[in-house]
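Comments concern the structure below.
Counting starts at 1 for both ligands and their atoms, following the listed order. Reckoned from all heavy atoms, side chains included, excluding hydrogens, waters and symmetry mates.
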Amino acid sequence: MQQLQNYINGQLVAPLAGQYIDNYNPATGQVYSLIPDSDEQDVEQAVQAALAAFPAWSKTPAEKRGQLLMRIADLIDQNLDCLAEAESVDNGKPLKLAKSVDIPRASSNMRFYGTAIQHFASEAHYMEGTEAINYTVRHPHGVAGCISPWNLPLYLFTWKIAPALAAGNCVVAKPSEVTPMTAYLLSELCIEAGLPAGVLNIVHGYGHKVGAAITAHPKVPVISFTGGTKTGRAIAATAAPMFKKLSLELGGKNPNIIFADCDFNNALHTSIHSSFANQGQICLCGSRIFIERPLYEKFRDAFVEKVKAMTVGDPLEEGTKLGAVVSEQHMQKVLSYIELAQQEGGTILTGGHQVQVAGRFAEGWFIAPTIIEGLPYNCRTNTEEIFGPVVTLTPFDTEEEVIQYANCTDYGLSATIWTQNLPRAHRVAHQVHSGIIWINTWLLRDLRTPFGGMKSSGVGREGGFEALRFFTEPQNVCVKL
Ligand SMILES: NC(=O)C1=CN([C@@H]2O[C@H](COP(=O)(O)OP(=O)(O)OC[C@H]3O[C@@H](n4cnc5c(N)ncnc54)[C@H](O)[C@@H]3O)[C@@H](O)[C@H]2O)C=CC1
Ligand SMILES: O=C(O)/C=C/C=C(\O)C(=O)O
């Protein structure tokens, strides 16, 4: 059985306590590898390695740091097939998705920040009359803690470490214990790329042990986290009193607003993707679909017909549209929400159950893509994050009504608006409480843009220069001329 290792001080090492955690293949429900059950001693070793590496790394010219990140990006590209299969097996997602989205985006993240850092400049302010000039220096913080989730493992792991490293920080990172494989494979690529020892350290293990130790460590002044809102709240409770810099990318309950004048086929096909991509396990998925009443029945019937035809099964099969959800625990959570929806008066139009897949997948964790109608817009099913292949349909009559519906959750991450009346699209967009709005598209990503949510969807923004500002400490120097 493969035993993964931590990546500390440039070496692949066993956890100090010699304990391991079972790592499951969600499609078979079977243990297929073991990951380190690390603890605070392993985190201490990683932090000490990062501290030792920081002086040299922070003084390395940005161009050289960028070149190393781009070398890693090249190695990701060269290992696309291996990384994609590893991601699919580890997470349960279709191989096709890992190959076309997850791994290419991981490479793009490394390459984007490998170049962005070379254009990241600071400001100067000349004081006329007073004859003084101010300039801003942006210092790296030191050791950055990066904690990432299981839904887009390498995609989100690199989305955090790339800006942190580019800005001159050293990193202690913890991937999810549920999907550790590609972060482990990345550590091998970092060694191959010649990343200096201690610059990046990856400590595998449980969130309540390793993640909590990173968050609480007094020599880790900055924490970047993506995951559930409940966990984000726990991290903030530890980090805030320590005055740590904090970036929290949390959950969502995103509205997908479809007006009757939309480009019907585009709205229909994109909504299938935005509802069920990655088994609905993307914080940006549009899980609440609001349809203007004149279009409701036509959209509903066409949507249900196409979703019924989606293949659920072997993630490695070319034709598979939905693979397995990431864990048995998560499957039970999603199924419990389907039960709740029925208790709240919802009607299941398709799906609503676990899918039994034949052969070696009989013990796998598969859920049929599920569409529910007839629920109150403000019930629990329509306001709490389910994070699975479950969407609700609700008709609306006016702009004001759908804006009220859209804004009635504690979340505010993203929203999608479908209409060919662009003044209306912008008018509605500006009133929806979401950090990211897509009009007549979904998940079209420009990495230069601020990425993140409002309300319980998080604190701060990732992306572009936002992330480089987050991973640096500004210092203003005023010089009398
Ligand atoms: N990207 C997103 O918005 C994601 C949202 N979720 C939502 O969160 C719910 C719970 O998901 P979980 O599997 O529990 O993910 P989680 O949000 O608890 O875990 C995310 C990462 O945080 C770590 N972590 C957990 N507890 C921690 C702690 N106390 N201190 C520091 N790090 C900690 C985990 O080990 C993992 O690496 C999901 O059902 C889903 O609704 C989950 C994953 C991603
Ligand atoms: O595209 C991005 O930068 C991020 C996408 C998805 C998440 O952050 C998520 O699912 O948590």
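- Side chain of Ser457 to main chain of Gly412: a donor-acceptor pair is present (N/O by atom type, distance under 3.5 Å, no hydrogens or angles).
- Given atom 28 (C) of ligand 1, the protein heavy atom at minimum distance is Gly207 O, 3.5 Å.
- The nearest heavy-atom contact from the protein to atom 12 (P) of ligand 1 is Trp150 NE1, 3.6 Å.
- Contact annotation: the side chain of Val312 approaches that of Pro369 to within less than 4.5 Å [non-hydrogen atoms, C-beta and beyond].
- The N/O atoms of Tyr206, backbone and side chain alike, include none that comes under 3.5 Å of an N/O atom in ligand 1.
- Against a heavy-atom cut-off of under 4.0 Å, Leu250 is close to the following atoms of ligand 1: 3 (O).
- The distance from ligand 1 to the heavy atoms of Thr226 drops below 4.0 Å at these ligand atoms: 1 (N), 20 (C).
- Taking the six-membered ring where the residue is Trp, Trp365 and Tyr24 present tilted rings, their angle falling between 30° and 60°.
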field: Steps toward side-chain contact (heavy atoms from CB on, under 4.5 Å) verdict (Val210, Asp42)
entry: CA-CA 8 Å; Val210 175; Asp42 300 288; over 6 Å; no
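- No N or O atom of Thr215 sits closer than 3.5 Å to an N or O atom of ligand 1.
- Of the protein's heavy atoms, Gly211 CA, 3.6 Å lies nearest to atom 32 (N) of ligand 1.
- Here the side chains of Tyr405 and Pro255 are not in contact, with every heavy-atom distance at 4.5 Å or above.
- With no hydrogens or angles considered, no side-chain donor-acceptor pair links Asn91 and Thr179 at under 3.5 Å.
- At the shortest separation from atom 9 (C) of ligand 1 among protein heavy atoms lies Lys333 NZ, 4.0 Å.
- The contact set between ligand 1 and Pro175, taken as ligand atoms under 4.0 Å from a residue heavy atom, comprises 37 (O).
- Checked by atom type and distance alone, the side chain of Arg448 never pairs as donor or acceptor with a backbone atom of Gly464 at under 3.5 Å.
- Tested against Ile223 for a side-chain contact (heavy atoms from CB on, under 4.5 Å), the candidates Lys245, His217, Lys244 yield a single pass: Lys244.
- At a 3.5 angstrom cut-off on N or O pairs, Gly228 counts as close to ligand 1.
- Within the listing of ligand 1, atoms 39 (O) sit less than 4.0 angstrom from a heavy atom of His330.
- Contact annotation for atom 14 (O) of ligand 1: protein absent (non-hydrogen atoms, distance under 4.0 Å).
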Validation: residues 274-286 side-chain donor-acceptor distances under 3.5 Å, sequence neighbours left out:
from, atom 1, to, atom 2, distance (Å)
Ser274, OG, Thr270, O, 3.3
Ser274, OG, Ser271, O, 3.3
Ser275, OG, Ser271, O, 2.6
Asn278, OD1, Lys93, NZ, 3.1
Asn278, ND2, Asn151, O, 2.9
Asn278, ND2, Gln281, O, 2.9
Gln279, OE1, Gly323, N, 2.9
Gln279, NE2, Ala324, O, 3.4
Gln281, OE1, Val326, N, 3.2
Gln281, NE2, Asn278, O, 3.2

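- There is no protein heavy atom less than 4.0 angstrom from atom 19 (O) of ligand 1.
- For ligand 1, the atoms sitting less than 4.0 Å from at least one non-hydrogen atom of Glu177 are 34 (C), 35 (O), numbered in the order shown with element in parentheses.
- At the shortest separation from atom 4 (C) of ligand 1 among protein heavy atoms lies Phe387 CZ, 3.4 Å.
- The closest donor-acceptor contact from the side chain of Gln431 to the backbone of Ile403 lies at 3.5 Å or more, if one exists at all.
- The shortest N or O to N or O distance between Ile147 and ligand 1 is not below 3.5 Å.
- Atom 37 (O) of ligand 1 has its closest protein heavy atom at Ser148 O, 2.8 Å.
- Residue contacts with ligand 1 do not include Gly252, since none of its heavy atoms lies under 4.0 Å from the ligand.
- Within the listing of ligand 1, atoms 30 (N), 31 (C), 32 (N) sit less than 4.0 angstrom from a heavy atom of Ile235.
- Here's the thing with Glu249: none of its N/O atoms is less than 3.5 angstrom from an N/O atom of ligand 1.
- Looking at Asn254 and Tyr411, their side chains never come closer than 4.5 Å, going by heavy atoms from C-beta outward.
- Among the atoms of Thr231, some N or O lies under 3.5 angstrom from an N or O of ligand 1.
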query: side-chain contact (heavy atoms from CB on, under 4.5 Å) between Thr409 and Glu385: does it pass, once the steps are laid out?
result: CA-CA 10 Å; Thr409 81; Glu385 183 177 58; over 6 Å; no
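- What sits closest to atom 7 (C) of ligand 1 on the protein, heavy atoms only, is Glu385 OE1, 3.3 Å.
- Under the 30°/60° scheme for interplanar angles, the aromatic rings of His330 and Phe387 are found to stand perpendicular.
- Of all atoms in ligand 1, listed by their number and element, those nearer than 4.0 Å to a heavy atom of Ala212 are 30 (N), 31 (C).
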N or O contacts of ligand 2 with protein under 3.5 Å, please list pair by pair.
from, atom 1, to, atom 2, distance (Å)
ligand 2, 1 (O), Arg105, NH1, 2.9
ligand 2, 1 (O), Tyr155, OH, 2.7
ligand 2, 1 (O), Arg445, NE, 2.7
ligand 2, 3 (O), Arg105, NH2, 2.9
ligand 2, 3 (O), Trp159, NE1, 3.4
ligand 2, 3 (O), Arg445, NE, 3.4
ligand 2, 3 (O), Arg445, NH2, 2.8
ligand 2, 10 (O), Asn151, ND2, 2.7
ligand 2, 10 (O), Cys283, N, 2.8

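- Here the protein heavy atom with the shortest distance to atom 22 (O) of ligand 1 is Phe225 CE1, 3.1 Å.
- For the pair Leu83 and Thr182, the tightest heavy-atom approach, listed with the atom from each and the gap, is O-CG2, 3.6 Å.
- Classification of the His208-Tyr206 ring pair by plane angle, with boundaries at 30° and 60°, yields parallel.
- The heavy-atom pair separating Asn6 from Ser38 by the smallest distance is ND2-OG, 2.8 Å.
- Summarising the local packing, NZ of Lys321 is surrounded by 12 or fewer heavy atoms from other residues, nucleotides or ligands at distances under 6.0 Å.
- Shown are Phe471, Phe120, Phe465; of these, the side-chain contact (heavy atoms from CB on, under 4.5 Å) with Pro163 is made only by Phe471.
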